[in-house]
Amino acid sequence: MFPVVDNSNREIDFGGDTVTDSELIGKVHSAVYHQCQQRGYAAPVDVLMDVGVLSKQKYEEWRYGKVSYLEQVCTCNLRKLSFIMSQIRKYAEKSNLKPSFCYYKQWGTKKKSGQGRKPVIPLRFSKSGKEDIERAYATHFVDVKRTEQIKKEGQDKLDREGG
(Lines give C-alpha, C1' and ligand atoms only; values in the text may rest on other atoms or scores of the structure.)
Protein backbone atom coordinates (compact mmCIF):
# COMPACT_ATOMS: atom_id res chain seq x y z
CA MET A 1 0.00 0.00 0.00
CA PHE A 2 2.63 2.59 1.07
CA PRO A 3 6.36 2.22 0.60
CA VAL A 4 8.01 2.16 4.01
CA VAL A 5 11.51 3.59 3.90
CA ASP A 6 13.01 2.87 7.28
CA ASN A 7 15.78 0.44 8.05
CA SER A 8 15.55 0.67 11.83
CA ASN A 9 13.01 -1.57 13.43
CA ARG A 10 12.98 -0.25 16.98
CA GLU A 11 10.00 -1.25 19.06
CA ILE A 12 7.77 1.47 20.46
CA ASP A 13 5.46 0.99 23.41
CA PHE A 14 2.28 2.47 22.09
CA GLY A 15 -0.41 2.72 24.72
CA GLY A 16 0.06 -0.90 25.75
CA ASP A 17 0.75 -2.20 22.24
CA THR A 18 4.31 -2.58 21.08
CA VAL A 19 4.84 -1.54 17.47
CA THR A 20 7.99 -1.07 15.48
CA ASP A 21 8.94 2.24 13.90
CA SER A 22 8.15 0.82 10.47
CA GLU A 23 4.68 -0.29 11.62
CA LEU A 24 4.09 3.17 13.05
CA ILE A 25 5.19 4.77 9.77
CA GLY A 26 2.62 2.60 7.99
CA LYS A 27 -0.11 3.64 10.44
CA VAL A 28 0.71 7.34 10.08
CA HIS A 29 0.92 7.25 6.28
CA SER A 30 -2.31 5.26 6.10
CA ALA A 31 -4.10 7.75 8.35
CA VAL A 32 -2.97 10.72 6.22
CA TYR A 33 -3.94 8.92 3.01
CA HIS A 34 -7.42 7.98 4.26
CA GLN A 35 -8.14 11.46 5.64
CA CYS A 36 -7.21 12.99 2.28
CA GLN A 37 -9.42 10.50 0.44
CA GLN A 38 -12.38 11.19 2.76
CA ARG A 39 -12.28 14.96 3.01
CA GLY A 40 -9.39 16.28 0.93
CA TYR A 41 -7.00 17.13 3.76
CA ALA A 42 -5.23 15.60 6.75
CA ALA A 43 -4.85 17.20 10.18
CA PRO A 44 -2.12 16.15 12.64
CA VAL A 45 -4.58 15.97 15.57
CA ASP A 46 -6.76 13.57 13.57
CA VAL A 47 -3.72 11.47 12.66
CA LEU A 48 -2.84 11.27 16.38
CA MET A 49 -6.37 9.98 17.05
CA ASP A 50 -6.24 7.56 14.09
CA VAL A 51 -2.95 5.98 15.23
CA GLY A 52 -4.20 5.66 18.79
CA VAL A 53 -2.10 8.14 20.80
CA LEU A 54 -4.94 10.60 21.41
CA SER A 55 -8.47 9.63 22.40
CA LYS A 56 -11.46 11.53 21.06
CA GLN A 57 -12.49 12.29 24.65
CA LYS A 58 -9.09 13.82 25.53
CA TYR A 59 -9.09 15.77 22.25
CA GLU A 60 -12.49 17.25 23.11
CA GLU A 61 -11.37 18.09 26.66
CA TRP A 62 -8.46 20.01 25.12
CA ARG A 63 -10.76 21.78 22.64
CA TYR A 64 -13.03 22.88 25.50
CA GLY A 65 -10.04 24.23 27.46
CA LYS A 66 -10.05 21.58 30.21
CA VAL A 67 -6.48 20.56 29.32
CA SER A 68 -3.71 23.16 29.15
CA TYR A 69 -1.89 21.67 26.13
CA LEU A 70 -2.50 18.76 23.75
CA GLU A 71 0.77 16.87 24.30
CA GLN A 72 -0.25 16.45 27.96
CA VAL A 73 -3.03 14.00 27.03
CA CYS A 74 -1.22 12.00 24.34
CA THR A 75 -0.35 8.45 25.40
CA CYS A 76 3.24 8.49 24.14
CA ASN A 77 6.37 10.47 24.91
CA LEU A 78 7.67 13.52 23.05
CA ARG A 79 10.15 11.50 20.98
CA LYS A 80 7.30 9.38 19.61
CA LEU A 81 5.11 12.42 19.02
CA SER A 82 7.97 14.12 17.18
CA PHE A 83 8.48 10.95 15.10
CA ILE A 84 4.78 10.87 14.18
CA MET A 85 4.80 14.56 13.25
CA SER A 86 7.89 14.11 11.06
CA GLN A 87 6.24 11.16 9.29
CA ILE A 88 3.12 13.25 8.59
CA ARG A 89 5.33 15.93 6.98
CA LYS A 90 7.34 13.34 5.00
CA TYR A 91 4.20 11.74 3.61
CA ALA A 92 2.71 15.15 2.79
CA GLU A 93 5.86 16.21 0.96
CA LYS A 94 6.09 12.94 -0.97
CA SER A 95 2.42 13.22 -1.96
CA ASN A 96 2.60 16.91 -2.92
CA LEU A 97 0.07 17.92 -0.28
CA LYS A 98 -0.21 21.67 0.28
CA PRO A 99 0.48 22.87 3.85
CA SER A 100 -2.26 25.11 5.20
CA PHE A 101 -2.12 26.75 8.65
CA CYS A 102 -5.29 26.33 10.69
CA TYR A 103 -5.98 28.49 13.73
CA TYR A 104 -7.20 26.36 16.65
CA LYS A 105 -9.40 28.14 19.16
CA GLN A 106 -11.23 26.94 22.23
CA TRP A 107 -14.75 25.58 21.83
CA GLY A 108 -17.68 26.49 24.06
CA THR A 109 -16.82 30.05 25.04
CA LYS A 110 -19.89 32.11 25.83
CA LYS A 111 -20.21 35.75 24.94
CA LYS A 112 -21.13 38.10 27.75
CA SER A 113 -24.50 39.77 27.40
CA GLY A 114 -24.32 43.10 25.68
CA GLN A 115 -20.99 42.25 24.05
CA GLY A 116 -20.69 41.75 20.30
CA ARG A 117 -18.44 38.74 19.76
CA LYS A 118 -17.50 35.63 21.66
CA PRO A 119 -13.98 35.71 23.11
CA VAL A 120 -11.44 33.87 20.98
CA ILE A 121 -9.14 31.77 23.12
CA PRO A 122 -6.22 30.18 21.25
CA LEU A 123 -5.33 26.59 22.08
CA ARG A 124 -1.85 25.33 22.87
CA PHE A 125 -0.43 22.09 21.51
CA SER A 126 2.93 21.81 23.30
CA LYS A 127 4.26 22.32 26.81
CA SER A 128 7.02 24.58 25.49
CA GLY A 129 4.68 26.70 23.36
CA LYS A 130 7.50 27.21 20.82
CA GLU A 131 6.16 28.78 17.65
CA ASP A 132 7.59 26.19 15.22
CA ILE A 133 6.11 23.30 17.23
CA GLU A 134 2.73 25.02 17.56
CA ARG A 135 2.69 25.77 13.82
CA ALA A 136 3.56 22.14 12.96
CA TYR A 137 0.60 20.79 14.96
CA ALA A 138 -1.74 23.41 13.46
CA THR A 139 -0.75 22.80 9.85
CA HIS A 140 -3.21 20.76 7.81
CA PHE A 141 -2.12 19.15 4.55
CA VAL A 142 -4.46 19.64 1.60
CA ASP A 143 -4.76 17.32 -1.39
CA VAL A 144 -5.77 19.98 -3.92
CA LYS A 145 -6.82 17.48 -6.63
CA ARG A 146 -8.91 15.43 -4.19
CA THR A 147 -10.53 18.59 -2.78
CA GLU A 148 -11.57 19.58 -6.31
CA GLN A 149 -13.00 16.08 -6.89
CA ILE A 150 -14.97 16.23 -3.63
CA LYS A 151 -16.41 19.66 -4.54
CA LYS A 152 -17.35 18.38 -8.02
CA GLU A 153 -19.00 15.26 -6.56
CA GLY A 154 -20.99 17.48 -4.18
CA GLN A 155 -22.10 19.75 -7.02
CA ASP A 156 -23.03 16.76 -9.20
CA LYS A 157 -25.14 15.39 -6.35
CA LEU A 158 -26.90 18.74 -5.93
CA ASP A 159 -27.54 18.91 -9.68
CA ARG A 160 -29.04 15.38 -9.67
CA GLU A 161 -31.28 16.23 -6.72
CA GLY A 162 -32.47 19.39 -8.44
CA GLY A 163 -30.54 21.66 -6.06
Name all residues meeting the side-chain contact (heavy atoms from CB on, under 4.5 Å) criterion together with Glu131; count only those two or more places apart in sequence or in a different chain, and write none if there are none.
none
Residues that Glu148 engages under side-chain contact (heavy atoms from CB on, under 4.5 Å), provided they are two or more places apart:
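Glu148 satisfies side-chain contact (heavy atoms from CB on, under 4.5 Å) with Val144 once adjacent residues are dropped.
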Same apolar cluster (I L V M F W Y, side chains within < 4.5 Å links), [X]/[Y]:
| X | Y | answer |
| --- | --- | --- |
| Val53 | Met49 | yes |
| Val45 | Tyr41 | no |
| Tyr59 | Val73 | yes |
| Leu81 | Tyr69 | no |
| Tyr64 | Leu54 | yes |

Check against salt bridge (charged side-chain N to carboxylate O under 4.0 Å, His left out), Lys152 and Asp156:
CA-CA 6 Å; Lys152 185 179 182 328; Asp156 290 348; 3.2 Å; yes
Set of residues satisfying salt bridge (charged side-chain N to carboxylate O under 4.0 Å, His left out) with respect to Arg135, sequence neighbours excluded
none
Tell me every residue that passes salt bridge (charged side-chain N to carboxylate O under 4.0 Å, His left out) with Arg89, counting only those two or more places apart in sequence or in another chain.
none
Atom pair [atom1] ([X]) and [atom2] ([Y]), whose distance is rounded to the nearest 0.5 Å:
| X | Y | atom1 | atom2 | value |
| --- | --- | --- | --- | --- |
| Gln38 | Asp143 | CD | CG | 13.0 Å |
| His29 | Ser95 | NE2 | OG | 8.0 Å |
| Leu123 | Glu134 | CG | CD | 9.5 Å |
| Ile25 | Lys90 | CD1 | NZ | 7.0 Å |
| Gln155 | Lys151 | CD | NZ | 11.5 Å |
| Lys66 | Gln106 | NZ | CD | 10.0 Å |

Smallest separation among heavy atoms of [X] and [Y], with atom names:
| X | Y | answer |
| --- | --- | --- |
| Ser100 | Val142 | CB-CG2, 3.9 Å |
| Gly52 | Thr75 | O-OG1, 3.6 Å |
| Ile150 | Gly40 | CD1-N, 3.4 Å |

Return yes when atom CD of Gln37 has more than 12 non-hydrogen atoms of other residues, nucleotides or ligands closer than 6.0 Å, and no otherwise.
yes
Spell out, as yes or no, whether a donor-acceptor pair under 3.5 Å connects the side chain of Gln35 to the backbone of Ala43.
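Such a contact is found between Gln35 side chain and Ala43 backbone.
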Excluding sequence neighbours, so at least two apart, what forms ring pair (Phe, Tyr, Trp, His ring centres under 6.0 Å) with Tyr104?
Trp62, Phe125, His140
Hey, does [Y] have a side-chain heavy atom less than 4.5 Å from the side chain of [X]?
| X | Y | result |
| --- | --- | --- |
| Ile84 | Leu48 | yes |
| Pro44 | Thr139 | no |
| Val28 | Phe83 | no |
| Leu24 | Gln87 | no |

Quick test of your reading: applying salt bridge (Lys or Arg N to Asp or Glu O under 4.0 Å), list the pairs with at least one residue in residues 35-63, sequence neighbours left out, ordered by first then second residue.
Arg39-Asp46, Lys56-Glu60, Lys58-Glu61
